[in-house]
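Counting convention: from 1, in listed order, for ligands and their atoms alike. Keep in mind that this is a model prediction, so the values were computed, not measured. Just so you know, residue 1 is the first one in the sequence shown, and it goes up from there.
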Amino acid sequence: MLTIEDLPLNDKVVFLRVDMNTPIEPSTGKLMELNRIQEATVTVRDLSKAKVVVGSHQGRVGRDDYIPLAQHAEAMSKLLNKRVKFADDIFGPTGLREIDSLRSGEVLLLDNLRFTAEENMEFTPIEASKTILVQKLYKHFDACVLDAFPTAHRAHPSIVGFSYLLPTCAGRLVSKELKALKNIALVSKPPFTTVLGGAKVSDRLEAIDTLIANKRADRVLLCGLIANVFLRATRKIEHDIGVDNEPKLVERAAQLLTDYPDTFELPQDVAIISNRERKEIAVSELTPKDKVYDIGSKTIDHYSRIIRSSGTVFMSGPPGFFEDPNFGLGTESLLRAMASSFGTTIVSGGHLSAALERFGVKEWIDHVSTSGGALVLFLAGKRLPLIEALENYEAKIKK
Ligand code: 3PG
């Protein structure tokens, strides 16, 4: 795979696709941590002689985290100790003017790429190359550097479209992740345990089947929203749980439980909020008005024992809403069980990297990745559009 030393990038306008998608504090709209922004600065630093146009998405349409990138530009400026210009635009007159007036060594951040409709849709590379987003911008760029490893599973125009038209190579984060994962694959051994939590259910459901079929998950410990989907499928929860596309997800979970009856572990108890405090109850006591914020102590003990006796443990998505000290117990305990285990350990996702730092156990984990869904799919053995885009360009120039 080509990297930035393989292309003549000095004094050239380089589109750098990173992933600075960051959790946002809903009440203030502020960035909750800077891990992914910090990671993005590594490649920006190494492109110090180019004219760098940085692109990223943030959040999803209709959610609290769907915000402009002004704060990201500010944070990047601080981390790089140099001014990062912010366009407040993508391909309108302001954006194009800012791009064309860049000087070597300068960095410009475009606004949230998902503010364009097309960046919320999946395309083949050739279709993506014809989108308005790519067509308006690509003539202003000389090359494309793909470094958005956490978005590697999305065939969005900025991931697969520019790379169809422009010389393209991998950034530092993509190289670092691929190298670390190759090394992990060499040392990891069974039994393989996967711990799944967080709020993004459909990506994880999609990957579970492949993870199990490819012998990458002998046991799957479920927490968070995905656990509720499975509890619903087993009828341990009888009421609707309020996830998008619920009937389809529940049906998929039911099928997985039938296909792999001995693989899944579901919570026995959970933590809910009562008088602003943590209250642990059995799953059977849950009522439609209760919102689950964490796994309970019995589940924590059971899952911790499995984690400690595993050869390899992979965790994606936090077990609970650890940002609130009342609900950090599940996340902290399971991360500590991983940190103290003798097996190989991989932790994935922006929230969990922040949790590892908060609980002071980051150094004890073998590989920490800020990628969430993309890493799950990669470990499951799925082809990722961003990696394919890099391979396609390399194959093209070899011809
Ligand atoms: C992530 O956080 O997993 C990536 O930024 C991709 O975000 P998405 O799931 O909203 O596409």
Requested in this report: Examine the side chains of N275 and E277 and answer whether a donor and an acceptor come within less than 3.5 Å of each other.
Outcome: no
Requested in this report: Describe, in one word, how the ring planes of F141 and F15 are oriented to each other, choosing from parallel (under 30°), tilted (30 to 60°) and perpendicular (over 60°).
Outcome: parallel
Report task. Assess the side chains of H72 and Q58: does a donor N or O sit below 3.5 Å from an acceptor N or O? Result -> yes
Report task. Non-hydrogen atoms closer than 4.0 Å to ligand 1: which protein residues do they belong to? List them by chain and number, please. Result -> D19, N21, R36, H57, R60, R114, P150, R154, K200
Query raised in the report: To which residues is M121 joined in a hydrophobic cluster, defined by side-chain heavy-atom contacts under 4.5 Å among Ile, Leu, Val, Met, Phe, Trp and Tyr, whether direct or through other members?
Result: F123
Query - E119 side chain to H57 side chain, donor-acceptor N/O pair below 3.5 angstrom - result: no
Query - Test applied, salt bridge (Lys or Arg N to Asp or Glu O under 4.0 Å); reference residue, E106; option that passes from K85, K49, R83 - result: K85
